[in-house]
Amino acid sequence: MRLSKALIPTLKETPSEAQIASHRLMLRAGLIRQMASGIYAWLPAGLRVLTKIADIVREEQDRIGAQEVLMPTIQSADLWRESGRYEAYGKEMLRITDRHDRELLYGPTNEEMITAIVRDNIKSYRDLPQMPYHIQWKFRDEVRPRFGVLRGREFLMKDGYSFDLDFDGAFRTYKSIMLAYMRTFQRIGITAIPMRADTGAIGGDLSHEFHILAPTGESGVFFDAAFETGDALGATDPDAFYEQMTTTYAATDEKHDESAWAQIPPERKREGRGIEVGQIFYFGTKYSKAMNFAVTGADGQKFYPEMGSYGIGVSRLVGAIIEARHDEAGIIWPQAIAPWRAAILNLRQGDATTDTLCEQLYQALGADALYDDREERAGAKFAEADLMGLPWQLIVGPKGAAKGMVELKHRATGERFELPADEALAKVRA
RNA sequence: CGGGGCGUGGCGCAGCCUGGUAGCGCGCUUGUUUUGGGUACAAGAGGCCCCCGGUUCGAAUCCGGGCGCCCCGACCA
């Protein structure tokens, strides 16, 4: 992308509505614009991040055999009357009426809908288990939206649902989801910790929240240092992984157990703050019973499938990652989800030597590069590159360019290398 | 939902108390300058002062109502 042509409206000053770092930086770096309280438009750079996160989420869901579907944002109130939640959900549910006065709602979640779909189409135990998921916009009419995308009303969420024959199957599914989630967060490039959680409004017996560590997180977290070095990508057995995750100490402040904490060797104790970016639930037959979803078993008897649901806040993750990874100058994107891998800074736009070298670099990197080809001062380009936080900056000035040299800056560490152009390219691509 | 605050050019703000027809910084346009960390100078463009109503000779300013947005708390993926 050529910055001179891109819709990436960066801001030198912080709009007054933004208080916390991620919100400020998302606005300043031109990722989003607010359209109404808690409702945001995603601009090209922001959308690229959102898409990259969704892609990783999708790959890890597919890996464990989940199947992607896409359910609508608008749902019928009747569906929710079946489970009894239409009345129970309260004002957070945005209720709307169509021209025929039919009651509709903008879905805050999809348990009812997916249960109806599976119920209407799955009749035999032979067709279980099923694990559909989708990545779709949701709406919860929060009393008080805040923190930008971290607590918006409209948000992008991956929500998955599982239907198993029995508890053992459901528990196995639950464990494989936990592993998939930890793999997902690790691939994104952040440290996430699963914590035992309350089941809240959704109801059920077994639930974990996933918190990523960020100094500005809304809840205090206590955990064993083992989580800092855990390797979900290397784990192969969901049972063993689950065992390890749930026996290593981790708790949010409201669940913190001082006596258990006292057992942890001091050098392994870690305290910090966390932002919840996902939650998983096992809730048994709550919805299958309420919505009369029964299938015929091998013995010819009807039974209710065992269910669970599993969410990842995709749009919230964007904000959460920035909370975890930024400095005074701007965002520091993890490589896997950075909108572009590298920025090319042409320090003297219009100079034949720098123009030529920059064009070569841009051609070589293609879609992975954001080329700052604007007529701007070097200082402005540096400042904006740091703000936007791409992992690498290829800095091309007239002196270096004459010798085929560029300066490669690593955003996360601030390291700079004077390198021949092809070596710099190799490093960026590595 | 309780409490507080704000709404003036694209962004950040002053002006409002003590009514007299709108200003500053940044950004934008043009030119010169500068050329490796948001350069300097000059000349420009750009405003239904959130909306509606009232008071007044006159309202950004005072009064009433409405809308929007933010912050703290309770609540939440």
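Numbers restart at 1 for each chain; the letters A, B, ... are given by sequence-line order, proteins then strands.
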*Respond yes when some side-chain nitrogen or oxygen of A/K12 is under 4.0 Å from OP1 or OP2 of B/rC11, and no when none is.*
no
_Under 3.5 Å on both distances, the Watson-Crick or G-U partner of B/rC69_ = B/rG5
*Does the B/rC75 base have a donor-acceptor partner in the side chain of A/R151 within less than 3.5 Å?*
yes
*Rounding to the closest angstrom, what is the interatomic distance between B/rA45 and B/rA22 at atom P?*
15 Å
_Measure CD/A/E407 against C1'/B/rG36 and give the value in whole Å, please._
8 Å
*Are the aromatic rings of A/Y371 and A/Y362 close, with centres under 6.0 Å apart?*
yes
_Say we look at B/rC62 and B/rG46: how far apart would their C1' atoms be, to the nearest angstrom?_
30 Å
*Between B/rC72 and B/rG36, how far is it from one C1' atom to the other, in whole Å?*
45 Å
*Spacing of NE2 belonging to A/H211 relative to CD belonging to A/E276, to within rounding of 0.5 Å*: 5.0 Å
*Using the C1' atom in both, what is the distance from B/rG37 to B/rA42, to the nearest Å?*
26 Å
*Could you check how far CD of A/E376 sits from P of B/rG36, rounded to whole Å?*
15 Å
_B/rG44 to B/rU35 separation - P atoms, rounded to the nearest Å_ = 28 Å
*Hey, which sits more toward the 5' end of RNA chain B by its nearest nucleotide, A/R348 or A/T14?*
A/T14
*asked:* Classify A/L347 by what it touches in the nucleic acid, base, sugar-phosphate, or nothing, heavy-atom distance under 4.0 Å.
replied: base
*Indicate whether the side chain of A/T354 and that of A/N346 have a donor and an acceptor atom separated by less than 3.5 Å.*
yes
*For A/S16 and B/rC11, is the shortest distance between a side-chain N/O and OP1 or OP2 below 4.0 Å?*
no
*Could you tell me which nucleotide pairs with B/rG23 by Watson-Crick or G-U wobble geometry, both distances under 3.5 Å, or answer none if nothing does?*
B/rC13
*asked:* Taking 4.0 Å as the cut-off, does a side-chain nitrogen or oxygen of A/R416 come that near to OP1 or OP2 on B/rG36?
replied: no
*May I have the distance from A/M195 (atom CE) to B/rA77 (atom C1'), rounded to whole angstrom?*
15 Å
*Which is true for A/K158 with a 4.0 Å heavy-atom rule: it touches a base, it touches only sugar-phosphate, or it touches nothing?*
nothing
*Return the nucleotide paired to B/rC62: Watson-Crick means purine N1 to pyrimidine N3 with N6-O4 or O6-N4, wobble means G-U with N1-O2 and O6-N3, both under 3.5 Å.*
B/rG54
*asked:* Over all strands shown, is A/G350 touching base, sugar-phosphate only, or nothing at heavy-atom distances under 4.0 angstrom?
replied: nothing
_Inter-nucleotide P distance (B/rC50, B/rA14), Å rounded_ = 14 Å
*Which part of the nucleic acid, if any, lies within reach of A/R33 when heavy atoms closer than 4.0 Å are counted: base, sugar-phosphate only, or nothing?*
nothing
*asked:* Between C1' on B/rU30 and CD on A/E375, what's the gap in Å once rounded to a whole number?
replied: 14 Å
_What I want to check is whether an N or O donor and acceptor connect the side chain of A/E384 with the base of B/rG38 at under 3.5 Å._
yes
*asked:* Please give the distance between the P atoms of B/rC69 and B/rC76 as a whole number of Å.
replied: 23 Å
*Option passing ring pair (Phe, Tyr, Trp, His ring centres under 6.0 Å) with A/Y106 (candidates A/W137, A/F155, A/F139)*: A/F139
*Mind checking A/A18 for me? I need base, sugar-phosphate or nothing, with any heavy atom below 4.0 Å counting as a touch.*
nothing
*Ring stacking, A/F382 with base of B/rG38, under 5.5 Å and under 30°?*
no
*So, is A/Q34 near the phosphate of B/rC70, with a side-chain N or O under 4.0 Å from OP1 or OP2?*
yes
*A/P108 side chain reached by A/E92 side chain, heavy atoms, under 4.5 Å*: no
_Separation of B/rA77 P from A/E111 CD (nearest whole Å)_ = 11 Å
*From A/M113 CE over to A/H134 NE2, what is the distance, rounded to the nearest 0.5 angstrom?*
7.5 Å
*Please state the C1' separation for the pair B/rG53 and B/rC67 - nearest whole angstrom.*
14 Å
*Using a cut-off of less than 4.0 Å, is there contact between a side-chain N or O of A/R377 and OP1 or OP2 of B/rU39?*
yes
*Base, sugar-phosphate alone, or nothing: which one does A/A380 contact when heavy atoms must sit under 4.0 Å apart?*
base
*Are A/H256 and A/Y249 close enough that a side-chain donor and a side-chain acceptor fall under 3.5 Å?*
yes
*With respect to the phosphate group of B/rC1, does any side-chain polar atom (N or O) of A/K91 fall under 4.0 Å of OP1 or OP2?*
yes
*Answer with base, sugar-phosphate or nothing: what part of the nucleic acid does A/D386 contact at a heavy-atom distance below 4.0 Å?*
base
*Hey, mind stepping through A/Y133 and A/D62 against side chain to side chain donor-acceptor pair (under 3.5 Å) and telling me if it holds?*
CA-CA 9 Å; A/Y133 74 96; A/D62 292 347; 2.8 Å; yes
*Just name whichever nucleotide pairs with B/rA45, Watson-Crick or G-U, keeping both distances under 3.5 Å, else none.*
none
*5'-most contact on RNA chain B: A/R374 or A/E154, nearest heavy atom basis?*
A/R374
*Answer with yes or no whether A/E13 presents, from its side chain, a donor or acceptor under 3.5 Å of a partner atom in the base of B/rG25.*
yes
